[in-house]
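Report on the following structure.
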Protein chains: 2
Amino acid sequence: MADEKELIGITVKKNEDFSEWYNQVVLKAKLADFTAVKGFMAILPNAYEIWEKIQEYFNAKIKALGHRNAYFPAVIPESFLMKEKKHVEGFNPEVFWITHGGEDKLEERLALRPTSETIIMDSYSKVVKSWRDLPILYNVWCSVFRHETKMTKLFLRTREFLWQGGHTVHKNKDEADKEVLTILDIYEKMCEELLAIPTLKGYKSEKEKFAGALFTTTLEALMPDGRALQMGTSHNLGQNFATAFGIKFMDKDESEKFAWTTSWGFSTRLIGALVMAHGDDKGLVMPPKVAPIQIVIIPILFEDTKAKVLKASQTIEQKLSKKFRVKHDFREEYTAGWKFNEWEVNGVPLRIEIGPKDLEKDQVVLVRRDSGKKEIIKMKELENIVPKILEKIQADMLARAQKFLKDNIKNAGSYAEFRKIIEEKRGFIKTEWCGSQDCEDKIQEDTTATIRAIPFEHPKNVGECIKCGNKAKFVVYWAKSY
Amino acid sequence: MADEKELIGITVKKNEDFSEWYNQVVLKAKLADFTAVKGFMAILPNAYEIWEKIQEYFNAKIKALGHRNAYFPAVIPESFLMKEKKHVEGFNPEVFWITHGGEDKLEERLALRPTSETIIMDSYSKVVKSWRDLPILYNVWCSVFRHETKMTKLFLRTREFLWQGGHTVHKNKDEADKEVLTILDIYEKMCEELLAIPTLKGYKSEKEKFAGALFTTTLEALMPDGRALQMGTSHNLGQNFATAFGIKFMDKDESEKFAWTTSWGFSTRLIGALVMAHGDDKGLVMPPKVAPIQIVIIPILFEDTKAKVLKASQTIEQKLSKKFRVKHDFREEYTAGWKFNEWEVNGVPLRIEIGPKDLEKDQVVLVRRDSGKKEIIKMKELENIVPKILEKIQADMLARAQKFLKDNIKNAGSYAEFRKIIEEKRGFIKTEWCGSQDCEDKIQEDTTATIRAIPFEHPKNVGECIKCGNKAKFVVYWAKSY
């Protein structure tokens with residue numbers, strides 16, 4: 001058993017070497033793997049099926065509001081990236097360039113999309129003519145490419161990752177603003193309801209906003225190492241891209257106007273967040289709603305009672321798989337102990353064990369992955385109890401994450417205290433800020449912390465900037481981040 | 001009305017200028033559009049939603065057999081493409097090459113995947129160790145890239161398109177063979193059941209098989225212009241890629257063996273097939289099962305009766321949308337005539353009209369898109385009749401396509417007759433063939449026709465090769481193709 005655990009189990013503790021723990025969980029739970037191409041990962045089925053659950057949830061929400069999925073080219077002409085000045089400054093350094101097709105040199109270099117605003121806006125400019133054509137509410141599921149030069153971290157920093165990018169066109173600022181916030185709310189609910197990860201939300205500062213946006217809104221989660229992780233962003237692009245790409249329409253009042261556009265996205269980085277937020281020393285812990293497998297049934301097999309036990313475990317599988325995603329692990333080439341370890345590493349929320357002695361007593365053993373709590377119940381209660389336990393696991397996981405977030409939002413009375421907290425405990429620090437990029441830059445230089453979010457609710461009484469002491473304009477959340 | 005039709009309707013007849021008709025339908029039904037990047041298309045929601053239906057159908061079928069979705073890098077090191085000799089010859093001329101990341105020249109050029117075998121096989125080689133690890137049954141939904149030099153045709157020949165690529169690993173030839181044929185059967189059923197397009201199936205000849213495969217199986221449909229369209233292919237790759245990439249496993253008998261691999265795929269070209277196979281002079285005609293919108297409800301609105309009629313059409317929408325994908329087109333900025341044209345161009349299978357006179361008589365008007373047949377029914381019969389009509393449309397569309405296929409498989413008594421049929425009528429010609437590539441090449445030179453499929457059922461009595469007159473080995477289907 002010791003050897004087995006060594007082989008498939010996690011060999012470091014989460015609170016001792018968080019980074020190594022993360023890598024082991026991602027690799028041993030077979031979520032992702034490195035590939036022969038530096039910085040590019042393979043997303044394995046255990047993770048891709050999480051992504052499919054996220055897609056299902058999100059597609060249902062946005063389609064109900066009239067959004068539709070589409071697909072646009074993975075390549076962008078160099079001249080397009082150059083059209084929006086701030087956009088090109090933001091993305092140019094990390095672009096992969098295509099220069100040849102077969103033996104032929106291309107007339108113009110093509111960028112592998114680092115983001116899709118420019119190519120999509122160009123398409124929109126051809127079809128938008130009248131107010132009747134608006135709004136356009138399209139979303140794209142695809143991969144994007146960034147030539148990252150820092151060390152790769154699976155799901156968190158790779159040279160290609162999957163995401164959704166929403167790209168919408170509206171008649172005026174009000175409609176665009178509403179779209180931006182509607183989507184941010186969907187993101188927030190998705191993180192809470194599906195992933196059991198609570199977030200802080202707000203605006204990005206001018207310095208941190210999306211390259212080319214009027215303003216950016218963001219959702220920020222806190223990871224167990226005290227660093228913030230951006231879970232999704234939603235941008236009002238103003239009329240910047242519409243002007244650069246000529247998206248004009250004839251309004252009802254017969255005047256020609258530039259449209260307002262938005263874009264918004266989240267990526268497979270959410271899977272990294274799931275691993276970090278909920279995992280423990282044994283491996284992954286999946287919230288039931290997003291778990292590809294919600295229940296694993298493990299029959300305890302001995303030669304003389306095998307047939308009887310398998311019959312019972314099959315019956316359980318049949319009953320539960322009507323409502324849940326169930327795996328019946330009846331492999332005979334592995335021991336029960338090996339299977340317990342494997343499914344714990346994989347984070348399956350609920351394990352059901354049934355052996356010959358249980359069968360005699362007409363009972364099964366339920367083991368919760370999140371708390372390790374064991375419960376013996378009568379067979380006939382199974383269909384009644386299982387849904388309740390899964391709901392309880394989901395709720396408990398969210399509650400624990402909410403407590404962690406709440407406990408790690410600190411106030412700082414002075415800049416010295418601010419630096420001490422950021423260095424020693426990390427987490428979010430809520431402070432007052434004058435609004436100048438000068439103070440923002442200096443704090444980042446001193447501590448590497450950045451403004452993660454400026455809450456939407458403007459406080460009534462704002463005191464002095466934590467850095468310069470001048471009259472503050474905002475209350476903001478600072479943190480070190482991924 | 002004439003102007004409206006001109007604007008949104010199709011202005012050429014399908015049987016007069018098929019190619020122009022196709023382009024108009026694709027563009028006016030807003031399935032796809034050209035983009036600023038030569039040869040790259042935008043797949044618009046009307047087509048992407050067809051793709052989503054195809055994905056739903058196919059995912060359900062393959063997941064039920066244990067297949068799982070995953071994602072692998074979009075880029076492939078040049079050295080990988082070189083590892084399988086025939087593979088590189090097949091794909092190298094049409095590869096897009098990435099040479100730079102930001103300002104830096106890459107150490108090795110990266111190919112934008114024209115297909116994914118090599119990069120996936122390399123990943124598999126790292127994880128396959130024992131017979132216990134097999135089979136691996138992964139599928140990838142992604143886009144692929146081909147630097148086509150011929151003229152672009154939306155969905156049929158573009159430089160990027162969407163597809164699914166299955167990549168599986170097996171212990172031996174039998175299991176790999178079984179996988180190849182199981183998938184081909186799923187493809188065949190999908191074409192028939194979902195897309196209402198019948199196909200011929202069989203092996204590809206050595207000349208036409210996938211670059212690097214042991215053998216290729218194919219599904220071939222016939223388009224109205226008499227040209228064949230390949231709907232999907234499924235390849236047994238033998239041990240070729242396993243040998244090139246080192247996919248070895250320890251078998252139960254304790255001997256180390258190279259694995260057997262397969263790959264299989266279909267692409268967004270299926271959407272092009274749908275357009276061609278079923279469309280008519282008014283535009284697209286969608287089979288109900290794959291139609292993003294199955295029913296459009298159009299209330300006939302006049303000022304004085306608007307409220308009453310809208311109330312009734314809303315009630316219809318509520319009732320039918322429980323079971324079907326329904327669009328209630330109550331826009332007031334367009335006339336009813338405009339809407340009829342628009343939804344006809346879009347191919348919505350069933351239109352329901354309701355006006356003030358219908359309301360008085362407690363009736364609605366149903367119009368089938370495929371046959372144009374109009375039917376007036378009592379309101380209370382609606383929920384009973386609509387499902388039957390949709391089933392009938394689906395069945396009728398398949399039956400018409402089956403008759404067309406059957407009517408266009410010809411025999412040729414001599415090579416002269418063969419050439420005459422191929423030139424004048426096209427369609428499939430079923431002939432005997434000696435099996436030599438020499439004859440195959442000469443027929444292609446003379447006629448541009450190729451062997452599309454060699455049926456799985458070997459006939460008992462085979463006569464003489466249509467070209468050389470020597471003893472034939474096979475009965476094969478020839479056609480000109482897309």
- Message: At a heavy-atom distance under 4.5 Å, which candidate from B/T99, B/D104, B/N69 has the highest pair count against chain A?
- Response: B/N69
- Largest heavy-atom contact set with chain A, pairs under 4.5 Å, which of B/D122, B/T268, B/I120, B/L162: B/L162
- What distance separates B/R331 CZ from A/R132 CZ, expressed to the nearest 0.5 Å? 10.0 Å
- Within 6.0 Å of NZ in A/K327, more than 12 heavy atoms from elsewhere: no
- Contact class of B/L106 relative to chain A, heavy atoms under 4.5 angstrom: side chain
- Query: Is the backbone of A/D33 close enough, under 3.5 Å, to the side chain of B/K126 for a donor and an acceptor to pair up by distance?
  - Reply: no
- Check whether more than 12 heavy atoms from other residues, nucleotides or ligands sit under 6.0 Å from atom CZ of B/F330, and answer yes or no. no
- Between A/T35 and B/S123, does a side chain to side chain donor-acceptor pair (under 3.5 Å) hold up when you go through it step by step? CA-CA 6 Å; A/T35 69; B/S123 271; over 6 Å; no
- Rounded distance (nearest 0.5 Å) linking atom NE2 of B/H100 with atom CZ of A/R109: 7.0 Å
- Could you tell me which of A/W51, A/W141, A/F91, A/Y334 has the largest number of non-hydrogen atom pairs under 4.5 Å with chain B? A/Y334
- How close do B/P77 and A/V37 get, heavy atom to heavy atom, and via which atoms? CD-CG2, 3.7 Å
- Item | Contacting region of A/K105 [heavy-atom separation from chain B under 4.5 Å] | neither
- Interface residue of largest heavy-atom contact number with chain A, from B/W97, B/Y71, B/Y48, under 4.5 Å: B/Y71
- Using a cut-off of under 4.5 Å for heavy-atom pairs, which of A/I119, A/T158, A/I98 has the most such pairs with chain B? A/I98
- Task: Kindly check if the number of other-residue, nucleotide or ligand heavy atoms within 6.0 Å of NZ (A/K30) is above 12?
- Result: no
- Message: Given 3.5 Å as the limit, does a donor-acceptor pair link the side chain of A/E160 with the main chain of B/A74, or not?
- Response: yes
- Counting only heavy atoms not in A/E333, do more than 12 sit closer than 6.0 Å to its CD atom? yes
- Query: Is atom NZ of B/K38 surrounded by more than 12 heavy atoms (other residues, nucleotides or ligands) closer than 6.0 Å?
  - Reply: no
- Message: If you compare all heavy atoms of B/Y138 against all heavy atoms of A/L44, which two are closest, and at what distance to 0.1 Å?
- Response: CE1-CD2, 4.5 Å
- Count the heavy-atom pairs under 4.5 Å between each of A/P73, A/A32, A/A42 and chain B, then report the option with the highest count. A/P73
- Note on the structure: Interface check, chain A: of B/G102, B/A36, B/P45, B/A111, most non-hydrogen pairs under 4.5 Å belong to B/P45
- Item | Option in A/E94, A/E52, A/R146, A/E107 with maximal non-hydrogen atom pairs under 4.5 Å from chain B | A/E52
- Around B/K83, counting heavy atoms of other residues, nucleotides and ligands shown, do more than 12 lie under 6.0 Å from its NZ? yes
- Nearest-0.5 Å distance, CG of residue B/L110 to CZ of residue A/F145: 10.5 Å
- Message: Between A/F96 and chain B, with a heavy-atom cut-off of 4.5 Å, which part of the residue counts as in contact: side chain, backbone, both or neither?
- Response: both
- Query: Which answer fits A/V127, side chain, backbone, both or neither, if we ask what part of it has an atom under 4.5 Å from a heavy atom of chain B?
  - Reply: side chain
- Query: When you look at B/V75 and A/R159, which way does the side chain to side chain contact (heavy atoms under 4.5 Å, CB included) test go after all the steps?
  - Reply: CA-CA 10 Å; B/V75 299; A/R159 288 180 171 181; over 6 Å; no
